[in-house]
Amino acid sequence: MEEDCCATQLIYGDGKFNADGLQRFVKEVKLAECGVSYGVVAIVGPQSGGKSALQNHLFTTQFANSRRSQTTKDIWIAKCVGIEPCTIAMDLEGADGRERGQDDTFKKQSTLFALAVSDIVLINIKGYSNYAPIINGPESQLTRQEMFKRSLDGQEKPFLETFFQVVMRFGIPRKTMLLFVIHDNSKTPFQHWHPGSRKFILNVLFGRALEEIWNGVPKPQAHKSTRFSDFFSEEVVVLSSYEEKEKFKEEVTELRQRLSHSISPGGFSGDRRGVVPASGFSFSAQQIWKVIKENKDLDLPAHKVMVATVRCEEIANQIFNQLIYDMGWLALKEAVQTGPVQGFGKRLSSILGTYLSKYDIEAIYFDGGARNSKRQLLESKALDFVYPAYTTMLGHVRSKALEDFKVRLEQSLNKGREFATYVRICTHSSMLEFDKGCADAVVIQASWDASRVREKLQRDIDAHASSVCSAKLSELNVNYEQQLSASLTGPVKTLLETGGKDTWASIRKLLNRETEVVISEFSTLVADFELDEATIAQMFSTVFNYDSDSMLRVWTGKEDIRSITKDARSASMKLLSVMAAIRLDEKPDHIEKVLFSSLMDGAVTVSSSQDREIGASVDPLASSNWEEVSSKNTLITPVQCQSLWRQFIAETENGVTQAISAHVMAATARCEEIADQKFSRLIFDEDWLALEEAVQIGPVQGFGKRLSSILSTYLSKYDTEATIYFDEGARNSKRQLLESKALDFVYPAYTTMLGHVRSKALEVFKVRLEQSLNKGRGFATYVRICTHSSMLEFDKGCADAVVIQASWDASRVREKLQRDIDAHASSVCSAKLSELNVNYEQQLSASLTGPVKTLLETGGKDTWASIRKLLNRETEVVISEFSTVVADFELDEATIAQMLQHLRDYSRNVVEKKAREEATKIMIHMKDRFSTVFNYDSDSMLRVWTGKEDIRSITKDARSASMKLLSVMAAIRLDEKPDHIEKVLFSSLMDGAVTVSSSQDREIGASVDPLASSNWEEVSSKNTLITPVQCQSLWRQFIAETENGVTQAISAHVMAATARCEEIADQKFSRLIFDEDWLALEEAVQIGPVQGFGKRLSSILSTYLSKYDTEATIYFDEGARNSKRQLLESKALDFVYPTYTTMLGHVHSKALEDFKVRLEQSLNKGEGFTLSVRTCNQSSMLEFDKGCADAAIQQANWDASRVHEKLQHDIDAHASFICSAKLSELNFNYERQLSTSLTGPVEALLETGGKDTWGSIRKLLNRETEVAISKFSTTISDFELDKETIAKMLQHLRNYSRNVVEKVAREEATKIMIHMKDRFFRVFNCDSDSMTRVWTEKEDIRSITKDARSAALNLLSIMAAIRLDEKPDNIEKVLFSSLIDVTVIVSSTQDRRIGASAYPLASSTWEEVNFELGSTRDTLITPVHASPCGKSSKQRLSLVSLKHFRQEAYKQSNNWLPPPWATMAIVVHGFNQFMHLLK
């Protein structure tokens, strides 16, 4: 079945782009699958030149064609059948058609479009029969060239000028292939042509004619020096007539074969810079035409990036949508909602990798920057999409690890004790399991951090361990409370009932013995929990805070809290009255009655401190003695009882209020539990999830009603469960919290819904406004109507989205919609006004440019008067039409006036711009005018010189006509002001213009030259086009160029020789390009270095240069021959130079790699670094020079010094890198050696705390530092570094060693309290033989304590500061004088006075005690901090005192009265505090 070419109209005559048709075409020919392997061939040329017919024969297309009138209208495309790779043919309407009149806008636009999208532009030239007489005639070569150019000018010049002007204006970033095809419809036999005539046309006449047309096209400043070959590569093909069908078909087949694989290297379209991938061709072509239509500058590189950006974004969106509905992803997502998924990270990474790879494959041919940017956005978007599943997976892993911890801990505790050890083991196992689960969940494409989840797991584990610890400790507590109760209650009761002489002494002994037993057992068990000492003491103290049944009271709400409170306080008052005095003499007293009457009356009924009135004006408790009790039997005085009772009342009030609120708290907790259950179920409600998923995709009808129903369901369930049982206040409070929490949870879905409603309303506004504007005018009215409709629709959507339970305000979204609508309306208004402006500017430009150009080129007497009339007429017509149209926009008068003035200014600027443009071509116009007058007679017949003509007169007439044209072009005359420019020019230039030809004799006239100025007297500078000085210069140039025309014939034979030599040179160069030896050499050098490269390449070049010499020497002029030989040699060298540079690159890479290998081997052998570098460097450079010599070419003197320098630079850089790495390694090793040799000894010296501790540390520091520096200096000598660098490195080691010592000292100083305690207890608890001290009654505890504290304080003085500089200090003296004497002698806080008014340890530095260190950084423990350290030893006073008390008790065992010091302590501190001191 024959393949269809799918001919499609791409652009209509009115400029409308057929986007839908192009999409169908791309789909039918499967263009998107081609990547960048496709080509575009456009054909342009004059009307009815056979363009369509040529394409139909050449590409097997089906474009319509005709012999007489315009057939192709607009722009068509079709697929070239049978040509690979896929090639698109583009057929444009004739460039010189009369159907569009003088409006050449579409011609220029279509030409630019063809240039921008095509790889090859095929220029169709009708009729070599027009050129055959020129070739076959008897005229000379010069005459043939002139006739050929004139014939080409008449046939194709208008089209070619338009073509070249478009190229110059916009610029095309890549070189376009112009394929000129000459053919005819009539039979013209080739046998009548002179031999070689076709080559003559191709290489001489046609090429030079194109160059002249190119040079004659006005060029902008940026392209003044641009050559034709910079933009184009050209080739000319001559085809036989259509009537010679067989020959024509053969030649077309040959050309068709050449067009196949046109995008391959060496093909027609070898320059593929800026090519757009096939999948983006449709969008690219549409955007290019849009830019061209809007008359904007076409920036193709930027356009390529824009196309890549849009297309890559489309691909990314398609890939993301596929990912959302991927079955593997949906299955994984569903599975992870149920529980943990094995291999989650690997599966998810595979899914993401699959879709990212799909993106990479589809976007591979687009611009790298845009492609990578959109890939990053796609990856980020995909990761955000799957992140919730990842967090869910982490939640499962955390929950599983926590549950495993609980199970393991419970199983471990059931086996035995060691609670803390089991906790650590189970924690470690669970954290390892969590880390393993996190590793399994890791997604390769993401760098998500699971540290927060890990921290939460650690907190949950710690919380559970703490809970279990508390439970275990409470259980121990209860057990030992029961044990104490059992062991004390009976014996104490028996002793009290017996009432013997030593009852209380026996009770004390019993109490101490049983307490010590319990403490010992409790301490042993609680050690497994690894609690600190304060916690143990606190835990034991709670043993005495429970009732007889060791049960805590639980408040249920049924108790009479007031009565219970009164009973509890009465019992406390009874205890206070019992403890107030010792009643061993059975004497009656009224202590209990006084206390109850004075304190209990207001204790229960009154809780405020203002109403606690103790009693009468004479307070019975204002005394320090009880009436019936002696002072020695008084334990608690009345005043102390009063104070204790007030303190007791204040401390128990909070407990009472807590009991009152217990039942309210229970209700609150239950309601909160119910609310949490309902919220949890709401989160996973199927209706809610379906609604949430639907609203993410788009707007949902009845959203508010559905969401309100879901919320009402769960609030009703809460009401049903909570109403029956609990307090109304707590229930309502938790209901409000549940409702608020639920609304916060669904609010994002609500805002998403509002976003859809807003987007839909905005889109509806845009569509309605566009439809309204397409119907006609009335912009402002349509905007108001469409805005009102869209806002009503938005309000309707908001009402549909309203949630009954919430009072959410959509006003902000409504305001944003209004702003968006206003912004879009403003944008459309600006676009429409800009479009109107551009249209009327184009209308003005079209109506003024051509006529003004014609008038200026004519250069008549009233040229500027005619231009002024034309300008006024066309401007008023446009302003009238524009005013009518712009009235629909309801703009203010100032804006309208400004826009009208802009059009007036624009029309004037068009005229001025055209005048300036034509002024730049004044020399061309003057030469054309001179040539017309000089070469043609009054009947417009070509002048034949017979010798009878008055050449002087003819020359003067021709130059006068040119002078007239120059005077017209000299200035812009739109203001009707008279001037004398023409008179000045004729009087100053024309007098000597004809009679005198030499520049020396061209005397202008007067001594004051009227043309020596830069301005015309009657014309302003802004209206000056050509200044007087420029006129004079142009005239001289004009005279010189017209005088030398005749001399061109003399050089005709030189031109022929030049053309032939150039042809031979081109042949040799073409053969050189495809020479097998050269291609093999080029291919080999791309792979790696080639031995004998220079010799082989020199031989190849010599072969073709010799062939040129052989063919060119026989016939042609030596100068032309040598000139073309030099050009051939230069061209060949330029062609092979990249291969030469590639060869040098291989030599460079090999030398550098050899240097690296040799250097590594030398260093591994232990050779000196610098010597190895020099040796290896020298070897590598010699090897490089040898390689350069082997690559040298005889015909060229190419310099390899830059590559040599680069190699030296790379070698130096590598050597520097290796040096730095080696020195860093050495430095690290010696730092580690110093750290190892100093840390342990320094720690040992500081912990020992001998007399000369810091002296020993200094010796150790100096010795180890010098040893390291000596070895280091020896090692780095091989690197030959400068002295300053070595000194810095040695100083760094010294500083490092000192820092190690200081760091150890600071670390030990932080543990000073531990060391002091250890030192204290070592001296205090052990005798001089290091045996554990046994306390009898013979020890001098005061002396032992002082020795122990002195030892601890000596250690403190050593740790107080760093003493590495051998400066004396008085720290030890100050510490002993300030702390040690007072600590032992005085124990009461009232008498701990230091002595002097200026306390030496009240400072933050040691300066005041003559301690002079270099800086405060050497201070480890300041005086202020040292004082608490010294005083902390006093905390052990209770232990010392306890032993002292035992000795005193033993001494007074025969006396029932307590010693005097005990009595004094009871009086001063009270009985409770005294008992606490005993414990």
Side-chain angles (χ1 to χ4, degrees), residues 1231 1234-1235 1238-1265 1291-1320 1348-1383 1392 1394-1435:
E1231 285 180 356
L1234 280 170
S1235 180
L1238 289 173
T1239 303
V1242 170
E1243 286 180 352
L1245 287 170
L1246 289 173
E1247 290 176 0
T1248 303
K1251 184 175 182 181
D1252 194 20
T1253 299
W1254 283 103
S1256 301
I1257 291 173
R1258 286 193 294 273
K1259 288 179 182 179
L1260 173 66
L1261 172 63
N1262 294 334
R1263 181 178 71 250
E1264 296 299 330
T1265 303
Q1291 186 59 41
H1292 168 75
L1293 283 179
R1294 291 188 179 94
N1295 294 338
Y1296 181 82
S1297 61
R1298 184 184 180 101
N1299 289 339
V1300 169
V1301 174
E1302 291 181 357
K1303 181 180 178 182
V1304 172
R1306 295 184 192 282
E1307 289 177 356
E1308 294 301 315
T1310 61
K1311 300 184 285 186
I1312 182 61
M1313 183 57 69
I1314 297 172
H1315 295 319
M1316 288 175 67
K1317 290 178 182 179
D1318 290 343
R1319 180 63 58 86
F1320 175 83
R1349 287 179 175 164
S1350 296
L1353 198 59
N1354 180 52
L1355 188 61
L1356 175 63
S1357 68
I1358 290 171
M1359 295 287 195
I1362 297 170
R1363 302 174 179 86
L1364 294 178
D1365 299 324
E1366 301 186 20
K1367 294 183 179 180
D1369 61 75
N1370 299 308
I1371 294 177
E1372 184 175 1
K1373 182 178 178 181
V1374 170
L1375 288 174
F1376 271 83
S1377 63
S1378 303
L1379 297 175
I1380 196 64
D1381 296 336
V1382 179
T1383 304
R1392 288 174 187 164
I1394 304 303
S1397 59
Y1399 186 43
L1401 297 183
S1403 171
S1404 61
T1405 63
W1406 294 104
E1407 292 181 3
E1408 297 174 2
V1409 289
N1410 299 323
F1411 183 67
E1412 299 178 356
L1413 290 176
S1415 64
T1416 57
R1417 71 183 181 86
D1418 290 338
T1419 299
L1420 298 178
I1421 305 172
T1422 64
V1424 174
H1425 293 150
S1427 180
C1429 290
K1431 292 180 180 180
S1432 66
S1433 62
K1434 297 176 185 178
Q1435 296 174 358

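We're numbering straight along the sequence, starting at 1.
Rounding to the nearest 0.5 angstrom, the gap separating the CG atom in L1364 from the CG atom in N1262 is 9.0 Å. Atom-to-atom distance recorded for K1259:NZ and L1245:CG is 11.0 Å, nearest 0.5 angstrom. Here the CZ-CG distance, from R1298 to L1234, works out to 14.5 Å after rounding to the nearest 0.5 Å. Atoms CD1 and CG, from I1362 and L1420 in turn, are 4.5 Å apart once rounded to the nearest 0.5 Å. The structure places OG1 of T1253 at 8.5 Å from CE of M1359, a figure rounded to the nearest 0.5 Å. Distance CD1/I1314 to CD/E1308: 9.5 Å, rounded to 0.5 Å.
Between the side chain of S1377 and the backbone N or O of V1374, at least one donor-acceptor pair lies under 3.5 Å. No donor-acceptor pair closer than 3.5 Å links the side chain of S1235 to the backbone N or O of E1231. The backbone N or O of L1353 lies less than 3.5 Å from no partner atom in the side chain of R1319, so there is not a single donor-acceptor pair.
Using a 4.5 Å heavy-atom cutoff, the side chains of L1260 and R1263 are in contact. Side-chain contact between R1363 and I1371 is present, with heavy atoms from C-beta onward closer than 4.5 Å. The closest side-chain heavy-atom distance from L1246 to W1254 is below 4.5 Å. Q1291 is listed as a side-chain neighbour of R1294, based on a closest heavy-atom distance under 4.5 Å. Between I1421 and L1356 there is a side-chain heavy-atom pair separated by less than 4.5 Å.
Among all heavy-atom pairs drawn from S1350 and F1376, the shortest one is O-CZ, 3.4 Å. Residues L1238 and S1297 share a closest heavy-atom pair of CD1-O, 3.7 Å.
A salt bridge does not link K1311 with D1318: none of the charged nitrogens is closer than 4.0 Å to a carboxylate oxygen.
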